[in-house]
Amino acid sequence: MENEEKTYSSLDFSRLIDGISIDATGSLMGSWDVDLVERKLLWSKETREIHEVSESFKCTIEEAFQFYKDDQLALLREKFHTAISNNDRYDVRVVLTTQSGKQKWVRTVGIPVFENGICVRVYGLIQDISQEVILENIDRKQKEFFKKTFYEASTCMAISNLQAQFVLVNNSMINLLGYTANELLKFTFRDITHPDDLETSNSSFKDLLSGELKHYNVEKRYVDKAGTTIYAMLSVSVIKDEVGEPLYFLVQITNISKRIEATQKLQSLLNVTADQNKRLLNFAHIVSHNLRSHSGNLSMLMDLIQQQYPEIYSNEMMPYLGKAIGELSETIAHLQEVVSVHTSSADNIESLNLRFYIDKTVNVLTASILETKCNVEVVVSGNEYVNFIPAYLDSILLNLLSNAIKYRSDKRPPEIKIYTEKEDEYLVLAVADNGLGLDLEMHGKQLFGMYKTFHRNKNSRGVGLFLTKNQVEAMQGKITVESKPDSGATFKVYFKI
Amino acid sequence: MKKINLACIIDDDPIFVFGTKRLMELVGFCDDVVVYHNGQEAIDGFAKRINDGLAIPEIIMLDLNMPILDGWCFLDRLNNLELPKFITIYLVSSSIDPADMKRSENYSMITNYIVKPITTDKLMELLEAFQGG
């Protein structure tokens, strides 16, 4: 027995598998030998390992077959039988159930030996190919996976040959273009491209072929079967073989028609708005100009009546008429001021020293500051500059400061503090008073509106803050207010740095 | 004292013309007034006056916005006429558009820019300036 084993182990494998190529890399491979005369079976050490049996394991030929079940057993029996009767070699893949019940794929090769027309022996190899089969399986699943991904992707995908002719198209592409797959496969990309966009990506296409580009994206228009233009984002990548020769193009198309339509709609809305704005401005110009000439005439006629017919002017209604005309002129002047804010050009912007302008304004208001015994504290250094139109800065400072004085509280000595601070890209000028303040919840939204007044102050005109806001905004700034009734207000002007 | 013999109003607004004429009378601005209702009428009138050997106004109150030929065009055309003497020209407009005021600075023949309405005080100032000049 010992002897036989040794003889068997020293069998020449290459002679054994003569004419059959077996790749033994990494997988366990053993040999077996069936002596049909003695009816004895020999397994090599590796064969026993594959069957997961002990080194001392012995079994009969019939018992060896029992490692295979059902159809696997039937297949192997048939092959073995044919080998014995017809002198046919076999090479099959079957599922083996090991001693411990584990199933594994094996490849088994059987070679019959005939003497005087009778088969006396069959020997062969057995190889554990489970790993290989699993890999193959994965490969197949991957192919399946790729196919599914490709066909079912919501992005329109196609594979084209180097002449841009469709080779594969997915469902989304079919849906997008309205052609059937068969129709598309007769087309090149040129056939579905919008005539105006035929040349759009020619150069990129060449760069792709030459290898200069790996992929490219471009916006392009296509035309579907019904003739509708489709706006699309096209991305093309080149698929190469192992040596780097281009094989195919992978083409992906994203339908961006909706986005483009939205953009176009937005643009047209923008145009309408800009147009309306222009007309509005024009309208404001005309209104203010024409109203001015009429009110001018009225004033002139009043002047004439007053001088030439003093007796008429003594009529009690005349002074009211005169007042009405005067107020009309004033209103028109305000309107014109507002209009002019939006038409002043950027040419007039200068770098202005904030402190200088504050001092100037305080100077202008000296009389009312003294009269109201107002304490004005200016905490602004002499080297803060803002880019602004001088007349606007004058007007803004005068408005804020005179408001702070105008809306003082009788309950306490008026105090005004003017200071600056930095906030993001703004230089913030704050004018804080301890005056009447206002209810922002009630009036906050209207505060900067035209002709909005919130105090029973006969000097309130409701133009100042409206104008101020307009001037600040015309210079890309903003204005805010913090206030509570009877506890002062702080106006902050944000100058863009 | 220098006196204005003939003043000229070029304006398409009859109320303005009426009022200005009356105010001129009130302050004794000039002896006579000639009125044109637009730039073209004024150019034609000036040419005819030169041709007929009639007196040319010493002072013009020129409106800007007028039909047919506006104030600016009138000034350009007036340049082409051979005027026998210097004319003091005031732009009189309802426009307080800085662009208009700026534009008027480019015309050396314009003495000043007056914003409507005209008042007796303004006329007196013009008269004094004319006499002073």
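Chain A is the first sequence line, chain B the second, and so forth, proteins listed ahead of strands; every chain is numbered from 1. We use all heavy atoms of the structure for the numbers below, so side chains are in, but hydrogens, waters and symmetry mates are not.
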Can you give each donor-acceptor pair under 3.5 Å made by side-chain atoms of residues 79-93 of chain B, sequence neighbours left out, with the distance rounded to 0.1 Å?
residue, atom, partner, partner atom, Å
Lys85(B), NZ, Ile56(B), O, 3.1
Ser93(B), OG, Ser95(B), N, 2.8

Q) Just checking heavy atoms, which of residues 295-303 of chain A are less than 4.5 Å from chain B? A)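 Residues in range: Gly296(A), Asn297(A), Ser299(A), Met300(A), Leu301(A), Asp303(A).
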Q | Positions in residues 17-25 of chain B that reach chain A, provided some heavy atom is under 4.5 Å away | A |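 So the qualifying residues are Phe18(B), Gly19(B), Thr20(B), Arg22(B), Leu23(B).
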**Q.** Arg77(B) atom CZ: more than 12 heavy-atom contacts under 6.0 Å
**A.**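 12 or below, so no.
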Please list every donor-acceptor pair under 3.5 Å in which a side-chain atom of residues 61-74 of chain B meets a protein atom from a residue at least two apart or in another chain.
residue, atom, partner, partner atom, Å
Asn65(B), ND2, His289(A), NE2, 2.9
Asp70(B), OD1, Trp72(B), N, 3.2
Asp70(B), OD1, Cys73(B), N, 2.9

